[in-house]
Undergrad: 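Before I ask anything, let me first share the structure, which is written out below as structure tokens.
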Amino acid sequence: MTPRKRYWLMKSEPDAFSIDDLQRVGTEPWNGVRNYQARNFMRDGMHVDDGVLFYHSNTKVPGVVGIARVASTAYPDDTQFDPKSHYHDPKATREQPRWFLVDVAFERKLKRTIALEEIKRHTDELGEGFPLTARGSRLSVFPVTAAQWKLLLSLE
DNA sequence: GCCAACGTTGGC
DNA sequence: GCCAACGTTGGC
């Protein structure tokens with residue numbers, strides 16, 4: 001049985017990996033996530049063809065810049081095993097991987113950036129707990145409801 | 001570049 | 001199991 005389509009938001013620093021990079025390569029393993037909550041969402045929650053809002057963080061105008069889709073089920077993030085990688089985790093083994101990822105595929109760029117500043121004006125509709133606007137939240141992968149998805153894209 | 005907020009680590 | 005120290009995130 002095919003699970004109902006879910007929606008997610010995934011943050012990336014454009015200096016490291018931008019929506020243009022994703023457009024160029026088409027599909028990319030979402031490596032480097034080293035937060036358990038974000039990992040759990042990828043490993044336990046994501047299904048192929050789920051929708052992804054691509055968000056640029058730590059940049060001049062942070063915001064949602066494109067749409068992607070989940071392109072694989074979760075599998076171990078290879079960078080955790082590589083001593084030369086910035087994402088190397090000495091406690092992870094092939095037998096007992098600690099970090100998982102999914103492949104993410106490009107769908108389209110938004111016509112314009114939906115800036116965080118603008119998104120904040122809709123806190124009431126998005127809900128107090130929405131991780132993008134919740135105070136102090138740094139979660140880089142989290143679920144978005146169908147209603148939140150629709151609202152955010154209506155701002156495009 | 002600053003720094004508040006948060007998550008993780010490790011000594012005890 | 002507590003919690004101080006440290007490292008990271010990410011808006012500004």
Side-chain angles (χ1 to χ4, degrees), chain A residues 6-25 28-46 50-70 74-104 106-145 147-149 151-156:
Chain A
R6 300 188 201 192
Y7 300 97
W8 308 92
L9 184 146
M10 300 175 88
K11 295 182 188 173
S12 183
E13 302 196 10
D15 285 351
F17 190 77
S18 71
I19 188 69
D20 292 321
D21 293 325
L22 185 61
Q23 181 166 33
R24 191 172 334 108
V25 299
E28 177 78 2
W30 203 262
N31 58 34
V33 170
R34 294 295 180 268
N35 169 279
Y36 289 106
Q37 207 179 347
R39 176 204 70 182
N40 293 349
F41 284 134
M42 288 199 287
R43 189 189 59 188
D44 308 330
M46 288 192 181
D50 282 356
V52 174
L53 294 172
F54 196 111
Y55 179 93
H56 278 174
S57 65
N58 207 7
T59 187
K60 198 170 175 191
V61 182
V64 177
V65 293
I67 298 178
R69 68 177 181 280
V70 176
Y75 60 95
D77 179 344
D78 262 338
T79 62
Q80 73 192 293
F81 309 125
D82 178 3
K84 294 190 295 295
S85 170
H86 175 64
Y87 299 122
H88 179 238
D89 184 342
K91 292 189 182 155
T93 64
R94 297 257 175 205
E95 294 68 35
Q96 289 226 297
R98 186 186 283 205
W99 305 109
F100 290 78
L101 54 70
V102 296
D103 292 342
V104 170
F106 180 81
E107 289 252 309
R108 68 176 180 91
K109 285 173 72 169
L110 299 192
K111 295 193 275 285
R112 62 182 194 88
T113 299
I114 303 173
L116 176 62
E117 190 230 335
E118 190 177 350
I119 294 170
K120 280 182 174 169
R121 294 187 216 133
H122 299 269
T123 304
D124 284 354
E125 300 139 272
L126 290 166
E128 291 292 325
F130 191 58
L132 206 55
T133 45
R135 199 190 128 199
S137 172
R138 299 176 314 183
L139 197 55
S140 66
V141 175
F142 56 85
V144 173
T145 67
Q148 289 165 339
W149 175 275
L151 169 69
L152 288 168
L153 289 181
S154 76
L155 304 177
E156 187 182 357

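Since we're looking at a predicted model, the values are computed, not measured. Scope of the values below: all heavy atoms of this structure, side chains included, with no hydrogens, waters or symmetry mates. Naming: A, B, ... by sequence-line order, numbering from 1 per chain.
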Undergrad: With nearest nucleotides of DNA chain B determined for Lys91(A) and Gln37(A) from heavy-atom distances, which residue corresponds to the more 5′ nucleotide?
TA: Gln37(A)

Undergrad: Aromatic rings Trp149(A) and Tyr7(A): how do their planes relate, parallel, tilted or perpendicular, breaks at 30° and 60°?
TA: tilted

Undergrad: List in chain and number order the residues that pass side-chain hydrogen bond (donor to acceptor under 3.5 Å, both in side chains) with Thr113(A), two or more places apart in sequence or in another chain; answer none if no residue qualifies.
TA: none

Undergrad: Can you tabulate the close N/O pairs, meaning under 3.5 Å, that link protein atoms to atoms of nucleotides 9-12 of chain C?
TA:
{"residue": "dT9(C)", "atom": "O3'", "partner": "Arg138(A)", "partner atom": "O", "Å": "3.4"}
{"residue": "dG10(C)", "atom": "OP1", "partner": "Lys11(A)", "partner atom": "NZ", "Å": "3.1"}
{"residue": "dG10(C)", "atom": "OP1", "partner": "Arg138(A)", "partner atom": "O", "Å": "2.5"}
{"residue": "dG11(C)", "atom": "OP1", "partner": "Tyr55(A)", "partner atom": "OH", "Å": "2.7"}
{"residue": "dG11(C)", "atom": "OP2", "partner": "Asn58(A)", "partner atom": "N", "Å": "2.9"}
{"residue": "dC12(C)", "atom": "OP1", "partner": "Lys120(A)", "partner atom": "NZ", "Å": "2.4"}

Undergrad: My understanding is that only residues two or more places apart in sequence, or in another chain, count here; which of them pass side-chain hydrogen bond (donor to acceptor under 3.5 Å, both in side chains) with Glu107(A)?
TA: Arg69(A)

Undergrad: Which of these passes side chain to side chain contact (heavy atoms under 4.5 Å, CB included) with Tyr55(A): Ser12(A), Ser140(A), Pro62(A)?
TA: Pro62(A)

Undergrad: For Asp77(A), which of Arg34(A), Arg98(A), Arg43(A) qualifies under salt bridge (Lys or Arg N to Asp or Glu O under 4.0 Å)?
TA: Arg34(A)

Undergrad: dT8(C) C1' sits how many Å from Trp99(A) CH2, rounded?
TA: 13 Å

Undergrad: Would you mind reading off the distance between Arg34(A) atom CZ and dT8(C) atom P, rounded to a whole angstrom?
TA: 13 Å

Undergrad: Nearest whole Å is fine: how far is dG7(B) P from Arg98(A) CZ?
TA: 16 Å

Undergrad: Identify the heavy atoms of Val64(A) and Leu110(A) that sit nearest to each other, and give their distance.
TA: O-CD1, 3.6 Å

